[in-house]
Amino acid sequence: MKRTTAVLTAFLGVVLVAQTGRCMASESFTLNIPLRFNPQQETGEVRITLTLSAASSGAQLVVNGTTTLNLGDTQTVSGDSVKFETAGGNDVRITYKPLSNFQGDFCQAVAAVEKNIPMRFAGPQDVTSYRISSYIVASPAVECSVVSKHTGDTPATLIPVDDGVAPALVAINGGRHPFDVVLVLDKSGSMTDLPPGALIGANKITILHSAITTFVAEWRGMDLPTPEGAEWSHDRIGVVAFDSTAVPQTLVGADPPTNIFVQRGSAIPGPWDAVIGNVSSLAPGGSTTIGGGINQAMTQWQLDPAHDLSLIVVTDGIQNTAPLVAATGSGFLGLPPVGALPQELRKRFVPIQTIGFGTPATVDEDLLRNIAYETNGVSYISANASTMFDALGWTLIALLKGNTASMVLANHDTITGAGPGAAQTVIIDRSAQRVMFTVQWAPPASDALDLEVYRPNGAAAVPDSVQHLPQSSIKTFNLNAADAGTWKVRVTRGKRPAQEPVPYALNAMVLERHLDFALATDGAKAGTGDTITLTAVVNWDGKRLTGLPAGAIRIRVQRPGEGLGNILHKARGDAGQGTTTTPSGDQVTAYDRKIAALTRQGLLKGIAPSDAATIELKETGKGIYTGTFDQTTVAGSYGFEAVLDWDDSRTGHVRRLERTERFVNVKADPGMTVMKTTRVSSTTVRVAVTPRDKMGNYLGPRYASRIRTKLNVAGRASTPVDRNETGTYVITVTELPKNQPLDAEISVGGIVVGNPGSKRR
């Protein structure tokens, strides 16, 4: 209720009754939109939802003390846009766009200033709680027309303040707005296979069942209602399973009319057990339509668009069934339009997180990375059970960054004998309002492991929430200031008697109170020989944290041992028969068979990433820390693991982890690329192109779409064909004028590599 004096109440009552004919309440706050010090990603929109004690009829919003908005109004105030509207039930929504900070589009905010906008709610209701979310441009190098990325990094905040007319707002901060997430899961026939390199154990679909079960459980544990009153019971999960076709899964307890999305509720296990049960029932069979899965997920959401949408796409293969995700005329990826959503994925403004379940050789890593890049998702490659657990854990962190969630421990080990495992230390600082410990292991073993957690004083910690699942144990603890210090956690045997060694992944995540940070690589697509810039932005209580000591943020860079293109180029010979269909209905190409043979010969060891360098980030701007890595000598998947570790009087001892991955393409070089021209007839010429970079890395197979032929004479150029899957692409030029020399420009990835008709060739 309002903290107001009798005199002020009487005064407001007289004034507002005179204006409206009925008693009106009033309370005041300031919307603070801090500077992010990034002109391409300044805050472009803030959404505030006020939950009222009664229906919203008669509610008003006063901005800057002078501009009054009734429900349904949109007005311009000091060059900014303000919208005030109903939001269902007893909710009203304020949408504030600081347009005066931008010029032309949302990537142009060079002259932006911090905003402090006085606001006053007036109405016959109390404001009981509120939610607030900030939005920035998702991928500045891709699309700047709309702000669509929900961010917890330097967010806008709502500050209760008495403005002299109305008392300060007294209401519960409910946290961020809820999310809608669709799990888009591959259940093609190849999911019955063992993970790469495994000879025994669980197959990929069984590992996926287990990993998704823990992912859902971790999310509901991390976002339990907080002691301060924040809660996210309206978060929703939906499931779309795809093989040759994509099928939305009807879930028990899901929201009508589609019955696809299930709200989490407030209890554990709660309604999300329906998601776990459904995913665990998926049976593999058929081919792979990644594009179909994405389009089906977005189609279902358009039928019931309650909240901001994100997708998590998990696949173990290469798309082989329409609709295919492919480059559009603009060069950006697209799919056939669905409903109101356009062709290009970047213009749908839906983040797509991707996980490739296999090696970079067995999944279309380049495609998955680009889908995530163009839609501002994250992308990871996982080869086995442990790395699948990691990938989903990091994906959960990325989803909840607006909350904000952070990783504080990521450890792999094996328990032997009776156990327990070695104790791991976890630094808990005063920013953490909740910590969640998870131990996971591969199926089929159930109830194999458990956790013991100890407070800084050595006493056994009693969890506020416990979830025991077939292949994981999760314990969650709410924290206060007295809990800061060094905690310890160790893995013990579970209900099963001590028998075989059990490899496990042990993680700890915290729900932040004061700290938020973001790690990013520069926006441009990286090629071999390029320098990658890494940037960390660190905030405390919404303000940039400057002056951190040297070594406070370190990045461990992992680089592939050898480029896959080199390995495949050296594996000469006929790639065998064309595409065949397995008994489970999946398609197997010549490339698949070649990769399978190489895997048996130790391919995984050849392309596995290893530590290449450790970089210390240095402050280059207010709370912005950067460093560079210029040893991109090998094409493939690079990992960047950040450790944030400092002890500062403003924050205490803080330790956090972050990981991002990046695909580095072969950047073709004209001097290293080989072209061979063969005259087939008087009107036909065949050109064999073998792209390489300056370091001699081969592009390898599967990149025909990157090769373009521009004819400077009459004729017709075929699509490049790499029959032996070695990275040598053959282009057949027909219908040339009789005996006319070939004059053509060949480009690879936009780089002109030469003219096969020139004398130099």
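Here, residue 1 is the first one in the sequence, and each next residue gets the next number.
Taking 4.0 Å as the cut-off between side-chain N and carboxylate O, Glu143 and Arg346 count as a salt-bridged pair.
The only option from Ile746, Thr719, Val687 that meets the side chain to side chain contact (heavy atoms under 4.5 Å, CB included) definition with Thr709 turns out to be Ile746. Across Met695, Arg692, Lys694, a single residue satisfies side chain to side chain contact (heavy atoms under 4.5 Å, CB included) together with Thr528, and that is Met695. With Ser637 as reference, Glu365 is the one residue of Glu365, Arg559, Gln558 to meet the side-chain hydrogen bond (donor to acceptor under 3.5 Å, both in side chains) rule.
For the pair Lys204 and Leu208, the minimum side-chain heavy-atom distance is 4.5 Å or more. Side-chain atoms of Ile555 and Leu519, non-hydrogen and from C-beta on, do get closer than 4.5 Å to each other. A heavy-atom distance below 4.5 Å is found between the side chains of Thr321 and Gln587.
Thr288 approaches Phe242 most closely through the heavy-atom pair CG2-CE1, 3.8 Å. Across all their heavy atoms, Met191 and Phe357 have their closest contact at CE-CD2, 4.3 Å.
Residues that satisfy the side chain to side chain donor-acceptor pair (under 3.5 Å) test with Gln353, not counting sequence neighbours, are absent from this structure. For Asn370, the side chain to side chain donor-acceptor pair (under 3.5 Å) criterion is met by Asp366, not counting sequence neighbours. When the ring pair (Phe, Tyr, Trp, His ring centres under 6.0 Å) test is applied to Phe106, the partners found at least two apart in sequence or on another chain are Phe102. Legend: residues meeting side chain to side chain donor-acceptor pair (under 3.5 Å) with Lys149, ordered by chain and number and at least two apart, are absent. Legend: residues meeting ring pair (Phe, Tyr, Trp, His ring centres under 6.0 Å) with Tyr638, ordered by chain and number and at least two apart, are absent. By the side-chain contact (heavy atoms from CB on, under 4.5 Å) test, Val752 pairs with Glu745, Ser747, sequence neighbours left out. Applying the side chain to side chain donor-acceptor pair (under 3.5 Å) criterion to Arg556, with sequence neighbours excluded, gives Asp611, Glu641. Scored by the side-chain contact (heavy atoms from CB on, under 4.5 Å) test, Pro337 finds Gln343 as partners (sequence neighbours excluded). Scanning for ring pair (Phe, Tyr, Trp, His ring centres under 6.0 Å) contacts around Tyr698 gives His569, with sequence neighbours left out.
Of the possible donor and acceptor atoms, none in the side chain of Asp693 sits under 3.5 Å from a partner among the backbone N and O of Asp669. Within the 3.5 Å criterion, the main-chain N or O of Phe332 finds a donor-acceptor partner in the side chain of Thr328. Checking side-chain atoms of Ser281 against main-chain N and O of Asn278 turns up a donor-acceptor pair under 3.5 Å. With hydrogens and angles ignored, the 3.5 Å screen pairs no side-chain donor or acceptor of Asp390 with any backbone N or O of Thr387.
From Leu335, atom CG reaches atom CG of Leu341 across 10.5 Å, with rounding to the nearest 0.5 Å. With rounding to the nearest 0.5 Å, the separation of OG in Ser379 from CD in Glu661 is 7.0 Å. Taking CG of Leu699 as the reference point, atom CG of Asn566 lies at 10.5 Å (rounded to 0.5 Å). Annotation: the span from Leu742 atom CG to Thr684 atom OG1 amounts to 11.0 Å, rounded to 0.5 Å. Distance CG/Leu333 to CG/Leu324: 11.5 Å, rounded to 0.5 Å. Within the model, atoms CD1 of Ile352 and OG of Ser310 stand 9.5 Å from one another, a figure rounded to the nearest 0.5 Å.
Within the structure, the salt bridge (Lys or Arg N to Asp or Glu O under 4.0 Å) test picks out the following pairs touching residues 730-739 (sequence neighbours left out): Arg716-Glu735. Within the structure, no pair that satisfies the ring pair (Phe, Tyr, Trp, His ring centres under 6.0 Å) test touches residues 333-355, not counting sequence neighbours. Among pairs with a residue in residues 180-197, those fulfilling salt bridge (Lys or Arg N to Asp or Glu O under 4.0 Å) read Asp180-Arg236, Lys187-Asp243, at least two apart in sequence or across chains.
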Q: Could you walk me through whether Asp316 and Ser190 pass the side chain to side chain donor-acceptor pair (under 3.5 Å) test, one step at a time?
A: CA-CA 7 Å; Asp316 80 323; Ser190 58; 2.8 Å; yes
Would you check, one step at a time, whether the test side chain to side chain donor-acceptor pair (under 3.5 Å) holds for Asn665 with Tyr703?
CA-CA 11 Å; Asn665 295 286; Tyr703 292 109; 5.0 Å; no
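Checked by atom type, the side-chain pair Thr690/Thr728 shows a donor-acceptor distance below 3.5 Å.
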